[in-house]
Amino acid sequence: LDVSEDNATAVFHLYTFLAYFMPVFGSMIADSYIGKFKTILLFSIIYSIGCIAISLSAVPCLLGYIIPIRLGLCIIGLLLVAAGTGGIKPCVSAFGGDQVDKGDPTLLSTFFSLFYFSINAGSLISIFLTPILRGDIQCFGADCFLAAFGVPGVLMICSIFVFIAGSFLYVKVPPTGRNVYFQIFAIIFCAIRERFRKRKSDLKKDHWLDWAVPKYDPALVLGVKAVVKVSYMFLPLPIFWALFDQQGSRWLLQVTRMDTTLFGLSIHPDQVQIINPILILVLIPIFDKIIYPLVRLCRIRVTTLRKMTIGIFLAGVAFIISAVVQIGIDNGTDLSAPNNSTYLKTFNPTTVESNVTVFDSSNFAVLNYTILPASYKKHMLPSGRYNMSFITRGNNIQHYNYGIYLNSTLTCTVLLANSQTVKPLCLDMNTA
C-alpha cells in the first residue's frame, strides 16, 4: 500500500492500542446491557466485516489500483477488527468459565489452563501459516496478501456459525444492569469530594476511600480498595508492553534487513514471532514443574511480584541486545548470504521516492517495493539473472530498466541519482 516504515509502525501501534482499549467498552456492554453471548456474537460479526475489508484492500484491480482508496479501506478494516476484538476479548474466557461447574474449582482451573493453551496454540499456527500464504503464493504479480488476510477471515466467519450452533447448550448469565467501571469511579470521586469538604473536620478515617461510606455500600467500597491496591502493581506494565509490542513493528522491520536462514531453513521475516508462543507453550510447564519447585527448595519465595520484576528486567536486556544488533545493521555489517543466494541492496540518496520492481528471467515480478528518500532496503534473492524497473516520482516521472546478474559471491547495490535522472548502478561489493 506504499506506506513508509514509520507510518506503518504508527498504524500498527494505534491498532494495538485500540485492540486492548476497546475491551473496556465491550465488558460494559456485556455486563450492563446484552450479556456475554450476544456481545460475542455481535462483535464477532463486526470483526469478520473488518477482515473482509482488509482482504479487499489487498485486491488492486478491484479498486483500480488507487492507493489512497485501498489504504482507507485497510484502515477501516483495522478499526473494525479492533472494535470486534473489544467485544470478544473480555467475554470469551468469562463466558467459557460460566459453562464450568462452580462446585469443582479444579475443573475451572483446568478449563482456564486449556483455554490459555489453545490461545497460544492458535497464535503459533497463525504466525506460522499466514506468512506462507503471503510469501509462497503469488497474487496480482506480488505477495498474496489476499490469501493472508482472506483465509483467517473465512475461518472467523465459520467460527461464528459454530458458535451459534451450540447456542442451546450454553449457560447464559443475564446482565446485571450495573456498570462496574462507573461504580468504581463514582466511589473514588465521592471519597475525594467528601474528604475535601470535611478537610477541617477532626474526623479520621482508616482509608481515604472510607469517606465514600455510608453513601455507598461498605462491601463495595472494600472491593474498590482492593482494586486501588492492586493497581499500583500495574504501573510499570505500560512500559513493558510498549517494548513487547515492538515485536510486530520495529523488530519485524529489523528482521527484513537480516539473513533469515536458520539451520539451513529459510523462514519469512514475519514468522520470527512464532518464537514467542513456542516458548510460552514450552516454558510454562518447565517453570511450573521444575524451576519454581527447585527455587522453593532453596527457601526462596516465588511471588507474582518477583516473577514480574524478573520478566521486565529480562525484557529490558532483550531490547539492549536488539539495539546492539541494529547498530551493526546501520553500520553496514552484513551476514554472508547462504549458498545460491545473494543480497540486493537498494540505496536512494535523492530527495524523491522511487518504486522498484524486480523481474526474474521469466519476466515474473519477484519483488515490488518503494524506497524512500535518503534510505535503503535489502533483500535476499536466489542467484540468477534479473531485470529491475525503476519509477521515480520527482518533477518528471522517470522510467528505467536495468538488467543485473546476481551470484552467491556478490552483494548488488543499486544507486539512484537525482530526481531528474535515474542512474542505477550494480556493483560487486566484494571487489568494488
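Of all heavy-atom pairs between Ala19 and Thr85, the closest is O-CG2, 3.7 Å. Listed here is the closest heavy atom pair of Pro23 and Lys89: CG-CD, 3.9 Å. Listed here is the closest heavy atom pair of Cys91 and Lys36: O-CD, 4.2 Å. Heavy-atom minimum distance, Trp208 versus Ile192: CZ3-CG1, 3.9 Å. Taking all atoms of both residues into account, the shortest heavy-atom contact from Leu41 to Phe163 is N-CE2, 4.2 Å. Here the closest heavy-atom approach between residue Arg134 and residue Phe145 is recorded as CD-CE2, 3.4 Å.
Other residues, nucleotides and ligands contribute only 12 or fewer heavy atoms inside 6.0 Å of the CZ atom of Phe128. Heavy atoms of other residues, nucleotides or ligands lying less than 6.0 angstrom from NZ of Lys225 number more than 12. Within 6.0 Å of CZ in Phe189 there are 12 or fewer heavy atoms belonging to other residues, nucleotides or ligands. In this structure, Phe319 places its CZ atom where more than 12 heavy-atom neighbours from other residues, nucleotides or ligands lie under 6.0 Å away. Crowding of Phe117 atom CZ: a count of heavy atoms from other residues, nucleotides or ligands under 6.0 Å not exceeding 12. Counting non-hydrogen atoms of neighbouring residues, nucleotides and ligands closer than 6.0 angstrom, the CD1 atom of Ile239 reaches no more than 12 such neighbours. Residue Tyr47 places its OH atom among 12 or fewer non-hydrogen atoms of other residues, nucleotides or ligands, all under 6.0 Å distant.
Checked by atom type and distance alone, the side chain of Ser322 never pairs as donor or acceptor with a backbone atom of Ala318 at under 3.5 Å. Although no hydrogens or angles enter the test, the distance criterion places no donor-acceptor pair under 3.5 Å between the side chain of Ser249 and the main chain of Thr9. Checking side-chain atoms of Ser123 against main-chain N and O of Ile119 turns up no donor-acceptor pair under 3.5 Å. Remark: side-chain polar atoms of Arg306 are paired, donor with acceptor, to backbone N or O of Arg301 under 3.5 angstrom. Ser126 places no side-chain N or O within donor-acceptor distance of the main-chain N or O of Gly122, the cut-off being under 3.5 Å. Ser57 places a side-chain N or O within 3.5 Å of a backbone atom of Ile54 that can act as its donor or acceptor partner. For Ser27 (side chain) and Val24 (main-chain N/O), a donor-acceptor pair under 3.5 Å exists by modelled atom type. Side chain of Asp288 to main chain of Pro285: no donor-acceptor pair is present (N/O by atom type, distance under 3.5 Å, no hydrogens or angles). Looking only at distances, no side-chain donor or acceptor of Gln247 sits under 3.5 Å from a matching main-chain atom of Gln273.
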Go through it in stages, so that I can follow the logic: the residues are Ile88 and Ser44, the test is side-chain contact (heavy atoms from CB on, under 4.5 Å), and I'd like the CA-CA distance, side-chain angles, deciding distance and then a yes or no.
CA-CA 7 Å; Ile88 299 171; Ser44 294; 3.6 Å; yes

Test side-chain contact (heavy atoms from CB on, under 4.5 Å) on Leu124 and Asn120 and set out the steps.
CA-CA 6 Å; Leu124 188 151; Asn120 284 281; over 6 Å; no

Would you please test Lys198 and Trp211 for side-chain contact (heavy atoms from CB on, under 4.5 Å) and show each step?
CA-CA 9 Å; Lys198 299 176 181 179; Trp211 289 97; 3.5 Å; yes

Evaluate side-chain contact (heavy atoms from CB on, under 4.5 Å) for Cys190 paired with Tyr216, printing each intermediate quantity in order.
CA-CA 9 Å; Cys190 178; Tyr216 290 93; 3.8 Å; yes

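Within the cation-pi definition used here (under 6.0 Å to the ring centroid, within 45° of the axis), Lys307 qualifies as a partner of Tyr292.
Interatomic distance, CD1 of Ile52 versus CG of Leu80, reported as 10.0 Å (0.5 Å rounding). For the atom pair OG1 of Thr130 and CZ of Phe149, the computed distance is 9.0 Å after rounding to the nearest 0.5 Å. Atom NE2 in His13 sits 13.0 Å away from atom CG in Leu18 (nearest 0.5 Å). Going from atom CD1 of Ile160 over to atom CG of Leu155 covers 11.5 Å, rounded to the nearest 0.5 Å. The line from OG of Ser48 to CE of Met156 is 4.5 Å long, rounded to the nearest 0.5 Å. Between the CD1 atom of Ile278 and the CD1 atom of Ile274 there is a distance of 4.5 Å, given to the nearest 0.5 Å.
Side chains of Asp31 and Pro175 form no contact here, defined as non-hydrogen atoms less than 4.5 Å apart.
No option in Ile75, Leu79, Val81 other than Val81 meets the side chain to side chain contact (heavy atoms under 4.5 Å, CB included) test with Tyr15.
Ring geometry for Phe21 versus Phe17: interplanar angle under 30°, hence parallel rather than tilted (30 to 60°). The aromatic rings of Phe37 and Tyr170 lie tilted to each other, with the angle between the two planes from 30° to 60°.
Under the 3.5 Å distance criterion, with hydrogens and angles disregarded, a donor-acceptor pair is assigned to the side chains of Ser167 and Lys172. Between Thr39 and Tyr33, the side chains place no donor N or O within less than 3.5 Å of an acceptor N or O (distance only, hydrogens not considered).
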